2 protein chains.
Amino acid sequence: MKDVAREAGVSLGTVSNVFNGFPATDLTRRKVQNAAERLGYRINNYARGLKTNKTYTVALILPSLEMPFFHHLAEAVTAELMRNGYRTILMITYYDTDVEQQCIDMVEQNKIDGIIALTYNPDLQVDASIPFVSIDRHCGASICCVSSDNYHGGELAAEALIACGCKKLLFMRIGSDVASEVDKRGAGFQAVCQTRGIPCESIILHDSETDAPFYRYLEAHVHDGIAEFDGIFCNTDRLALRILRKLAELDVRVPEDVQVIGFDGLEDYVTQEPPCSTIVQPVTFIAQTAVSVLLDRENTVHPTLICLPVRYEAHGTTKGQVSVWQANI
Amino acid sequence: MKDVAREAGVSLGTVSNVFNGFPATDLTRRKVQNAAERLGYRINNYARGLKTNKTYTVALILPSLEMPFFHHLAEAVTAELMRNGYRTILMITYYDTDVEQQCIDMVEQNKIDGIIALTYNPDLQVDASIPFVSIDRHCGASICCVSSDNYHGGELAAEALIACGCKKLLFMRIGSDVASEVDKRGAGFQAVCQTRGIPCESIILHDSETDAPFYRYLEAHVHDGIAEFDGIFCNTDRLALRILRKLAELDVRVPEDVQVIGFDGLEDYVTQEPPCSTIVQPVTFIAQTAVSVLLDRENTVHPTLICLPVRYEAHGTTKGQVSVWQANI
DNA sequence: TTAAGAAATTGAAACGTTCTAATTACGCTT
DNA sequence: AAGCGTAATTAGAACGTTTCAATTTCTTAA
């Protein structure tokens, strides 16, 4: 920059002004730009960050990229940040709460502009001075969490199954994250069942790595292809897919005898064989919202939870193309 | 840091020494650490980067995260970099060659320590002074590219099918990246067919978004469940999966009448229904190799291509559990 | 006890920006 | 032509580290 200033015959400050869009004569502007071009000058963002304390970098902390929801999120967050001129530092925790804390520590060390995280550590130590947005799960009372409207998603699933004629329902939930927003899917589902007077059984697996308990339940409650229930809501598409295969194995006809709805609506699972009706999460919208809440530090008061609308999408494991999401619940 | 120095009653330089592991008395070391603790001091990496020109950050540029190969790669690269004390800046190009160039430009501006990229732009402008490793595809004569041993993978596929009794083979290839390392799969496959005197037809789709041409071919060459070929090698598992479904639709029995092998071996596809025999890529190893080549700037001379070993894995769409990868080709 | 040598510590000058207050140049009005 | 207000430019002090030559302190051996 010093060289550019000398080459252009102006002062250091002027070069800085030109590069930051501060007022300058067309002539000087041109002189500086030419000099910079000739010298192949590139601004040094570290020196700049040192002075401004602004790094145009945010950290994205995720448990893994293997689950479709996670890598879709990663892609969407990265894209949205880039659109705003920010870079993404990606960190993977492998569902390990210690690694989560490590990531936070590492990242705070680096004077970044914010953190977007999906973590499982209930008592994460995070510096209150650094903007933080969580996804799917609260971490800290005053930290904004953005997620799908899981509760309403559960309601939609119940409404859809009931509208398609189901009389006896089943809710299946797997996954290790307790007390997360995701947990509300079951609550919404059960609430509707209750109101409508539809019996509903729940099988909830928090710590199990395997689906075996679900399979055992199915085997116990299906006899000669006749099931004791006629509708299942699985809390993820991934699970729904495996349940569908198990049902096929047990000679249960879908959707004739039993109807199935999953949750997520990411192409990866929905288009698999068989494709499954589902509650679609607005991943891209979640990403965009998280980013804009994070970057918008104008309002000092932030919402503590933002739920984004989900919708029901029929893919053949429920009867008909019922547009339940338009129902006024 | 100034405050820490004052608090500990030592000079600025000493504090720096302590934090960088330079020799210091146990006493001073303790004094400095206590002071730092009391003041909640954290080193500022931007100031440090300014001085040392070392940022402990590398950029990872990928077309997308949706393909299993890509997100596995992203995860493995991130983990490996973290293990080495580096941070990962993730950038997604959406297969757009302009965006690729943009990413490179952005990243060069930021004085990072290196770039790992999987790009499609044949004439990417990249600053020779910044360490660069590409994956799956060369970009620039003197830039190191690491990939699976795709040629040998093709050979393995052919060997496996032939060892399982195939007499008339088919090679199917889809994907937009021309002239990449991936392209060598077909070459290896055909070479073995030639040597062994096995007839082999190839259907190569470079620009097609859809599989329709493959389906049309299959429909034309299968009559009443009897196919004119008895073995297929698909250049990805994703494709293999769809071909398998089409074959089922055409009442072709797999593996009895036609055997199928895919390529990639990432859980996402192999465990789908039906699971498919495949050539497994060592994703994690690719990631580790890319990182270590990138970080190891000691040797000024770098290899221009590094091929990592693949292996054949039977999953039921080929007959028997033939361990072809041990064959001495 | 002292001199020499090694080890630890210090002070000040970088690194490449931005920022602020001060200065200079410019265009108008009287 | 002088005076005034505004806009553009400048000089130099930060920002928080590292680095290196110079200095001090500590060890050891004569």
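Quick note: numbers below take in every heavy atom, side chains included, and nothing from hydrogens, waters or symmetry partners. Every chain is numbered from 1 and lettered A, B, ... according to where its sequence line falls, protein lines coming before strand lines. Values in this document were obtained by computation on a predicted structure and should not be read as measured data.
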Enquirer: The criterion is side chain to side chain contact (heavy atoms under 4.5 Å, CB included); which residues satisfy it with B:Thr52, sequence neighbours excluded?
Expert: B:Arg48, B:Lys54

Enquirer: Figure out the CG/P separation between A:Asn45 and C:dC15, and round it to whole Å.
Expert: 19 Å

Enquirer: Just how far, in rounded Å, is P of D:dC15 from CZ of B:Arg42?
Expert: 21 Å

Enquirer: Rounded to the Å, how far apart are A:Phe22 CZ and D:dA7 P?
Expert: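 Spelled out: CZ on A:Phe22 to P on D:dA7 is 15 Å.
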
Enquirer: When the distance from NZ of A:Lys54 to C1' of C:dT17 is rounded to whole Å, what number comes out?
Expert: 16 Å

Enquirer: How long is the line joining CG of B:Asp3 and P of D:dT17, in whole Å?
Expert: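 Distance, rounded to whole Å: 10 Å.
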
Enquirer: Assign B:Ser16 to base, sugar-phosphate, or nothing according to its heavy-atom contacts below 4.0 angstrom with the strands shown.
Expert: base

Enquirer: Is a side-chain donor-acceptor pair under 3.5 Å present for A:Ser129 with A:Asp127?
Expert: yes

Enquirer: Any heavy-atom pair between the side chains of B:Leu308 and B:Asp149 that's under 4.5 Å?
Expert: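 SC-SC contact between B:Asp149 and B:Leu308 ruled out.
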
Enquirer: Can you measure A:Asn44 atom CG to C:dT17 atom P for me and round it to whole angstrom units?
Expert: 5 Å

Enquirer: Using only side-chain N and O atoms of A:Tyr41, determine if any of them is under 4.0 Å from OP1 or OP2 of C:dT17.
Expert: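 Answer is yes, contact under 4.0 Å.
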
Enquirer: Roughly, in whole Å, what's the span from NZ in A:Lys31 to C1' in D:dT10?
Expert: 13 Å

Enquirer: Nearest whole Å is fine: how far is D:dG16 P from B:Met1 CE?
Expert: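 It works out to 11 Å between those atoms.
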
Enquirer: Would you check if B:Asn17 and B:Asn20 make a side-chain contact, meaning some heavy-atom pair closer than 4.5 Å?
Expert: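 A side-chain contact under 4.5 Å is absent here.
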
Enquirer: Whether the A:Asp98 and A:Gln102 side chains hold a donor-acceptor pair (N or O, under 3.5 Å, no angle test) is what I'd like checked.
Expert: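 Looking only at side-chain atoms, A:Gln102 and A:Asp98 do not form any donor-acceptor pair under 3.5 Å.
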
Enquirer: Counting heavy atoms from C-beta on, name the nucleotide in D:dT18, D:dC15, C:dT18 closest to the side chain of A:Arg48.
Expert: C:dT18

Enquirer: Among D:dG16, C:dT18, C:dG16, which nucleotide has an atom closest to any side-chain atom of A:Ala47?
Expert: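 Per side-chain heavy atoms of A:Ala47, the pick is C:dG16.
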
Enquirer: Do B:Gln281 and B:Asp264 have a side chain donor and acceptor closer than 3.5 Å?
Expert: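 Distance-only check passes for B:Gln281 and B:Asp264.
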
Enquirer: Between A:Val15 and A:Lys2, name the one whose nearest nucleotide on DNA chain C is closer to the 5' end.
Expert: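 Result: A:Lys2.
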
Enquirer: Consider side-chain contact (heavy atoms from CB on, under 4.5 Å). Of B:Thr28, B:Val32, B:Asp3, which one does B:Val15 pass it with?
Expert: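 Single pass found, and it is B:Val32.
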
Enquirer: Could you check whether A:Asn20 gets within reach of a base, just the sugar-phosphate, or nothing at all, counting any heavy atom under 4.0 Å?
Expert: sugar-phosphate

Enquirer: Using nucleotides 6-10 of chain C, report all nitrogen or oxygen pairs with the protein that are shorter than 3.5 Å.
Expert:
unit_1: C:dA8; atom_1: O3'; unit_2: B:Thr25; atom_2: OG1; d: 2.9
unit_1: C:dT9; atom_1: OP1; unit_2: B:Thr25; atom_2: OG1; d: 3.1
unit_1: C:dT9; atom_1: OP1; unit_2: B:Thr28; atom_2: OG1; d: 2.9
unit_1: C:dT9; atom_1: OP2; unit_2: B:Thr25; atom_2: N; d: 3.2
unit_1: C:dT9; atom_1: OP2; unit_2: B:Thr28; atom_2: OG1; d: 3.4
unit_1: C:dT10; atom_1: OP2; unit_2: B:Ser11; atom_2: N; d: 2.8
unit_1: C:dT10; atom_1: OP2; unit_2: B:Ser11; atom_2: OG; d: 3.3
unit_1: C:dT10; atom_1: OP2; unit_2: B:Thr14; atom_2: OG1; d: 2.5

